[in-house]
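Following: one structure in C-alpha cells, then a few remarks.
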There are 4 protein chains.
Amino acid sequence: MDAKRERIKKAALEIFSSQGYANTTVQQIAERARVGKGTFYIYFATKEELLTDLLIEGLTNMGQHIERKIRTLQGSAAKLRAIVREQLRYFYEHQSLCRLITREVWGHSDQSSSLAQRVRSSYIRMLQEVVEKGIKDGELRSLDPQTVATALYGMVSMVALSMKDLPSDGAIERAEMTLQELLFSGITTSRMVAVEA
Amino acid sequence: MDAKRERIKKAALEIFSSQGYANTTVQQIAERARVGKGTFYIYFATKEELLTDLLIEGLTNMGQHIERKIRTLQGSAAKLRAIVREQLRYFYEHQSLCRLITREVWGHSDQSSSLAQRVRSSYIRMLQEVVEKGIKDGELRSLDPQTVATALYGMVSMVALSMKDLPSDGAIERAEMTLQELLFSGITTSRMVAVEA
Amino acid sequence: MDAKRERIKKAALEIFSSQGYANTTVQQIAERARVGKGTFYIYFATKEELLTDLLIEGLTNMGQHIERKIRTLQGSAAKLRAIVREQLRYFYEHQSLCRLITREVWGHSDQSSSLAQRVRSSYIRMLQEVVEKGIKDGELRSLDPQTVATALYGMVSMVALSMKDLPSDGAIERAEMTLQELLFSGITTSRMVAVEA
Amino acid sequence: MDAKRERIKKAALEIFSSQGYANTTVQQIAERARVGKGTFYIYFATKEELLTDLLIEGLTNMGQHIERKIRTLQGSAAKLRAIVREQLRYFYEHQSLCRLITREVWGHSDQSSSLAQRVRSSYIRMLQEVVEKGIKDGELRSLDPQTVATALYGMVSMVALSMKDLPSDGAIERAEMTLQELLFSGITTSRMVAVEA
DNA sequence: CATGAATGAGGCTTCATTCAT
DNA sequence: AATGAATGAAGCCTCATTCAT
C-alpha cells in the first residue's frame, strides 16, 4: 500500500503546521498516521526529507492549480485577479501548508536551506512574469515586478493565515473582495493624491 | 552589568533568525554573547522566555517608533504612508526580528502560543485603527479594516524579508515607492476597471 | 535448493570478516547472497545461529582437513610440521574465517559464549595431544603441552592474518619456512645460550 | 575532576573486553563509571573515539613500558627474552586490553580502521627492529624479521588470553618459561632435525 | 518455499537546566 | 554575580525479527 506514504504526509503536515517542524517528533507523526515508527523510515529517509517533500509538493501543486486557472484568461489584470482569488482559497483550504511555508521558507535565512530559496522563488517568479507581461502590454502600471509579486504573495498569505480567527460564513468572499479592491484600485478614495505624490 | 542581558538578547536574535529558535542552543547564544552558559539563566528563566521577550520587545519597539512618527501627521492617508515607510525600513534594518516574527508568530497555530496571538494582534490593531479612522473620515475607501491591516502588514514584511536578495544601493527607496504606489493607487493603469468590477 | 543456505553462509562469512559480526546487518547478508531478507530466516533461526554455524563448521573443517593430512605421518615432529603447514595455508586461504575466529572466539570473555570456548578448545586440544605424544616419545622437549599448543595456534594465525599486507608471490612459502624454523629450532644461532639460560 | 575521564576509560575497557565494543552501550559504560550518560560525551566525542583512545593508549603504554625494560640490556637475544617476559605479563595483567586489541585490531579488515593498522604495526615494528638487529649481529638466525615479529606477538598474546582458564599459582612463570624455551631453542629435542631440513 | 513491508525495542547523541564553586 | 561541569530526558534512526501474500 502506498496509501501509507500519503497518510504519513497528511499527518505530518497537520502536526508540523500546528507545532512547527522542529517540535514535532517522528513518533507523533507515526502515531497519527497509524504506522510504526520504523515504517516512517521506509518511506522517508529522514524527517527533513519529509519536510522538503511537503514544501515542494505543496507549492508545486498550488502553482499548477493556479496556472491551469489562468491559462485561458485574457489579459494580465484578469490573470492577476484570478491569482489572488485562487491563492487565497488554496491557502485558506490548506492553512497547514501555508503556515509551513511561512515558517520554514520565509522564516529562514539558513544557507543550507537553499532549497527553500528555490521553492519560494519558483512560485514568485510566476507571479512576476504575469506582472511583467501586464506592464509591457500597458495594462498594469510600471512598478517593480519583483516587489509587486512579493507584496502580492505576502498580502494574500498573511490574510489567509489570519482567517482562522474569523471562520464566519462568507468570510473568504469578503476577504477576497477586499484584497482585489486593494490591489487593483488602491486604498484611497481620491486617486489623484497618490498619483501626484 | 545589565549590558549582559542586552548582549544575550542581541546574540540570540541573530542566531534565532538565521537558524530558527528550535535549532539554536543556549550554548551558542552564550558563546556569542561572551558569557557563561550558567549566566544565561541569571537573566532568563528559560530559553522560551528569551524568545517571548524578543518578540514582544521587538514589536513593541517598532510600534512605538511608528506611533511617534505618525502622531503629528494629519490625515489617515498620510499616516498610512508613513507606516509603510517606517515598517519597511524597520524590518529591513531588523531583518532578524522580522524573520523571527514570521517564523514564530505567523508560522504557529499552537494554542500555547496565545502569546503570539496577542503580540501579533497588538500591532495589527494599531494599523486597523488608522484604517478605520480613514474610512470614517472619507479619506479611505470602505474596505474591511482588519483585512486591509493584515494585507498591509503582509506585503511590507515579505518585501522586507526578500530584500536581502537584492542589497543593491537605493533598493529600499525603490521598494518603498512601489509599495506606496501599489497600496494607494492600485496596480492597474485604468482605475475604472477595478472600480466597476 | 539447499544451495541457498551455502550462499548465505558464504556471503555472511565475507561480510562478517570485513565488518565484524555486530556491524553486519541481515539485510546486507541477504543482498549479497541474492535472497530475500525473509528467506534468511528460513535457513537460520537467528543471526547469531549463523555465526555459531560458521565458527563451528570452519574450525571443524580445518580440523578434519588437518587430521587427514597427519594421519599417515610417522612421528610427532612430522605431524607438527604438517600442522603448521596446513593451518597456515588454510587460514591464508580462508582469511575471513581466521579473522572471524580471532574476533569472536578469542576476543570474547562473554560467559554466554561458552560455545566459543568449546569451539576453540576442540581444535587446541588436538594440537595438545600431538604435542603430548611427542613428549612422551622423547621426540619433543618437555614443555607444557597446552601452552605450546596455544602458542603454535597463535603464531600461525596471526601470521596468516598479517599476510594480506604482503600478497607477493611465494610469500606463504617463505612465511611457512620461517615458522617451521622458529618452531623447531628456535631463534638463536647458538643453542647453548638458550638451553643454559 | 579529570578522574572521571579515567573512570570512564577503565569501565569501558572492562566491559568492551567482556562483551565486545559493539555490544556495549554508552549507558552501561556510564553506569559502571558512575557518571551520567551525558557526562560521557563531555569527555569523548563518540563511542568510537573512546575505543581509539583505549587502543592507542594501551599499545603505546605497553610499548613504552617494554622499551624502558630493554633499553639497558645488551644483546638482541636478551632483549627478545625481556620482550617475551614483559609482553606476557603486561597482557596477563591487562587481559581486557589484550582481548580488545585482538578483537578490534586483528579481527578487522575494515578499510576505515586504518587506525587499527597503524596501531598494530607501530608495536610490531619495534619487535621487528630488534630481530633485524639480532640477525645483523649474528646473534639470531637469519629468518624473515616481520614474520618472526608477528609470530612472537601472536604466540605471546594468545597464551596470555588463554591463561584465565588456568589461574593457578605460578601459572605465568611456567607459561613464560615454556614460551622462552620454545622461542629460543625450538621444540625438538634434536636440533639437527630442523637445521638440516 | 520465497519475499519484503512492517514493527518497536533499543542505541547514540544532544541539549535545556541545575548547582557547587 | 558568574561559571561550566554534570545530568537525564528525549529525539532520530537502525535493525533483528515477524507475517501476510
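Note that these values count all heavy atoms, side chains included, but never hydrogens, waters or copies made by symmetry.
In the set E:dT3, F:dA5, F:dT7, F:dT7 carries the atom at the smallest distance from any side-chain atom of D:T39. You'll find that the side chain of D:V35 is closest to F:dT7, out of F:dT7, F:dA16, E:dA5. When each of F:dA9, F:dT17, F:dA2 is scored by its nearest atom to the side-chain atoms of D:K37, the top-ranked nucleotide is F:dA9. Closest to the B:T25 side chain, of the nucleotides E:dT13, E:dA5, E:dC15, is E:dC15. The side chain of C:K4 approaches E:dT3 more closely than any other nucleotide in the set F:dT17, E:dA5, E:dT3. When distances are taken from the side chain of D:Y41 to each of F:dT18, E:dT13, E:dT17, the shortest belongs to E:dT13.
Straight-line distance from the OH atom of B:Y21 to the P atom of E:dC15: 13 Å, rounded to whole Å. Distance, A:E31 CD to F:dA10 C1': 14 Å, rounded to whole Å. Between C:F44 atom CZ and E:dA2 atom C1' the separation is 16 Å, expressed in whole Å. The interatomic distance linking B:Y43 (OH) with E:dT17 (C1') rounds to 18 Å, in whole Å. If you measure from atom CZ of B:R5 to atom P of F:dA2, you get 13 Å, rounded to the nearest angstrom. One atom, CD of B:Q27, and another, C1' of F:dA5, lie 11 Å apart when rounded to the nearest Å. Across the protein-nucleic acid pair, C:F40 atom CZ and F:dT18 atom C1' stand 14 Å apart, rounded to whole Å. Rounded to whole Å, the distance from CD1 on B:I42 to C1' on E:dT21 is 13 Å.
Between B:E31 and B:K37 no salt bridge is recorded (no basic side-chain N to carboxylate O distance below 4.0 Å). Salt-bridge annotation for B:K10 and B:E14: present, with a side-chain N of the basic residue lying under 4.0 Å from a carboxylate O of the acidic one.
Both B:G38 and A:G36 sit near DNA chain E, but only A:G36 has its closest nucleotide nearer the 5' end.
A distance-only check finds a donor-acceptor pair linking the side chain of A:T52 to the backbone of A:E48 [under 3.5 Å]. With hydrogens and angles ignored, the 3.5 Å screen pairs no side-chain donor or acceptor of B:Q28 with any backbone N or O of B:I15.
Classified by interplanar angle (parallel below 30°, tilted 30° to 60°, perpendicular above 60°), the ring pair D:F44/D:F40 is tilted.
Across all strands shown, F:dA1 forms no Watson-Crick or G-U wobble pair with both distances under 3.5 Å. The partner of F:dC12, taking Watson-Crick or G-U wobble pairs whose two distances both stay under 3.5 Å, is E:dG11.
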